[in-house]
Amino acid sequence: MTPAPPLRAVAAERGLHVGAMIGPGPLRTEPRHRRTLADEFAAVTPGSALKMGPLRPSRDTYDFGDADAVVDFGVAHDMYVRGHALVWHNQKPDWFQAWDYTDDQLRAFLRDHIHTVAGRYRATVDAWDVVNEAVADDGSLRETVWSDALVGDYVADAFRWADEVTDANLYYNDYGCEALTEKADAVYDLLADLLDRGVPVDGVGLQLHALGERPDPDSIRANVERFRDLGLDVQITEMDVAFSRDDVPDDPLAVQAGYYRAVAEVCPEAGCDALVVAGVSDANSWLRSFADFPDRYTGDPLLFDERYRPKPAYDAVVEALAED
Ligand code: XIL
C-alpha cells in the first residue's frame, strides 16, 4: 500500500504553509517531535522563545539560544519561519518596569528591541508578528505599557521600526477577530487606517484558539475576504480546538475533526496562505500548563496525540486540503 502523502505535501499543492507553533524543549529532547515536525509541517513559529521576556534575561543581555534552536531547525528543513512577537503586553522581562523609563526612553527601548531582534533574523524569518493583541476585547486600543508611553501610535511606529531592518512580511496578530465580530471590526479599522497612512503592514494573523467556542466558518470566510480586499495577506496563526470541561460533546474527537476540516476548507478558499496550529502533539499543548486552562479546557486540542499518532483531526485536514 502506498502511504498517504503527509500533510505538508497536500498543503503545498494548495499553496498553503501548514505550520506548528513550538517550544524548544521537545525539539531538543523528543525525536518524535523533530520527526513529526519535519515530515508533516512546512512552517514553524517559536511559541515563546522570541518574546521579550524569554529573550532578555537581564537589562543588558539577550539570550538567543532557544529562539535560534527553533529558527535553525526551520531553516535546515526548508520551512517558512514565522517570528512571534516583537511587541506584546505579556511575557515581558521580570526586571522590566515601565516607571524606570521616561516616555522617550521607552520609545527608544522598544525601537532598539525591534531593531535588535528583527535585524538578527533578517535572513531567516519570513514573517513577523510585529504587534500582538493590541486591541482589547471591546474593540478599544488595549491599555498597555506601550500604549501608555507611546500614546496611540505605537502600533504604527512598531511596524515602521521593523520595516527598517527586515524584508520579512509584517503582521498584526490577534485573537477573537477570526470571524465577523465587533473586535474583528476594530482590527479591520485599525489596519485600514494604518494602510491609509502608508504604514508598512503586510498581513493579519488570526490566532483561532477555538476554546469552548468555535467561530463560524462562513463568518471566518467573509472576514478573511474583507481583509484580503484591503490588500492584506491573511494567516491562521495559532489554531487549536478544545472544549470547556463542563460542555464536552459525546464524541469530542469527531467534533474537533469536523471543525478542523471546515477551517481547512475555508482557509485556502478565502485566500489565507498559512494554517499554523498551536503545537505538534497534545503532550505539548499550552492548554495543559497555562494559568487555569487545565481546569477549564480539555487538553488535547491538536492534530497529533501524546504519542505523536495522527488523530481524526489530522485526517480531516489532509482530506479537506486534498479535495480541490
Ligand atoms: C502562549 C504560549 O504558548 C505559552 O507557552 C506561554 O506560557 C503563554 O503564551 N496568544 C499568543 C501566544 O499570541 O503567544 C500565546 O502563547 C497564546 C495566546
Side-chain angles (χ1 to χ4, degrees), residues 19-30 33 37 41 43-57 63 65-67 69-71 81-94 96 113 117-118 125 127-137 142 144-146 155 158 162 170-178 181 183-184 187 190 203-213 215 234-242 274-304:
M21 189 174 226
I22 62 155
L27 195 64
R28 291 199 172 104
T29 58
E30 175 53 86
H33 191 274
L37 183 63
F41 294 94
V44 70
T45 308
S48 287
L50 281 169
K51 293 168 182 168
M52 188 184 280
L55 269 184
R56 304 186 63 168
D63 179 353
D66 284 350
V70 178
V71 173
V81 180
R82 292 197 88 261
H84 171 84
L86 294 171
V87 183
W88 194 28
H89 56 282
N90 282 335
Q91 289 185 273
K92 297 188 302 301
D94 290 339
F96 174 82
H113 178 80
V117 179
V125 165
W128 269 110
D129 290 335
V130 176
V131 177
N132 196 35
E133 302 180 355
V135 174
D137 293 348
R142 189 189 292 276
T144 71
V145 51
W146 311 120
V155 177
L170 305 181
Y171 277 74
Y172 175 79
N173 191 56
D174 213 328
Y175 66 88
C177 51
E178 296 81 6
T181 59
K183 178 163 171 179
V187 169
L190 171 75
V204 59
L206 311 176
Q207 295 183 7
L208 197 45
H209 293 291
L211 310 182
E213 289 169 24
V234 184
Q235 304 189 331
I236 306 282
T237 55
E238 311 181 16
M239 182 172 179
D240 45 14
V241 183
L275 173 58
V276 178
V277 291
V280 174
S281 147
D282 286 340
N284 308 117
S285 165
W286 70 303
L287 303 184
R288 295 188 178 203
S289 56
F290 182 74
D292 65 347
F293 281 15
D295 295 330
R296 284 169 63 190
Y297 302 114
T298 52
D300 52 357
L302 298 168
L303 302 179
F304 293 88

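Predicted model only: the values in this text are computed from it and were never measured. Both counts, for ligands and for their atoms, begin at 1 and track the order of listing.
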Show me the short polar-atom pairs for ligand 1: any N or O of it lying under 3.5 Å from a protein N or O, with distances only.
| unit_1 | atom_1 | unit_2 | atom_2 | d |
| --- | --- | --- | --- | --- |
| ligand 1 | 9 (O) | Lys51 | NZ | 3.2 |
| ligand 1 | 9 (O) | Gln91 | OE1 | 3.2 |
| ligand 1 | 10 (N) | Glu133 | OE2 | 3.1 |
| ligand 1 | 10 (N) | Gln207 | OE1 | 3.3 |
| ligand 1 | 10 (N) | Glu238 | OE1 | 3.1 |
| ligand 1 | 13 (O) | His84 | NE2 | 3.3 |
| ligand 1 | 13 (O) | Asn132 | ND2 | 2.9 |
| ligand 1 | 13 (O) | Gln207 | NE2 | 3.2 |
| ligand 1 | 13 (O) | Glu238 | OE1 | 3.4 |
| ligand 1 | 13 (O) | Glu238 | OE2 | 2.9 |
| ligand 1 | 14 (O) | Lys51 | NZ | 2.6 |
| ligand 1 | 14 (O) | His84 | NE2 | 2.6 |
| ligand 1 | 16 (O) | Lys51 | NZ | 3.3 |

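- For Arg28 and Asp66, the salt-bridge test passes: some basic side-chain N is under 4.0 Å from an acidic carboxylate O.
- In this structure the side chain of Asp282 reaches within 4.5 angstrom of the side chain of Pro301, judged on heavy atoms.
- Exactly one residue among Gln207, Met239, Glu238 makes a side-chain contact (heavy atoms from CB on, under 4.5 Å) with Met21. That residue is Glu238.
- Counting only heavy atoms from C-beta outward, the side chains of Thr45 and Thr237 never approach each other to under 4.5 Å.
- Each of Trp286, Tyr175, Tyr297 was scored for a ring-ring contact (aromatic ring centres under 6.0 Å, His included) with His209, with one residue passing: Trp286.
- Aromatic ring orientation, Trp88 versus His84: tilted (interplanar angle from 30° to 60°).
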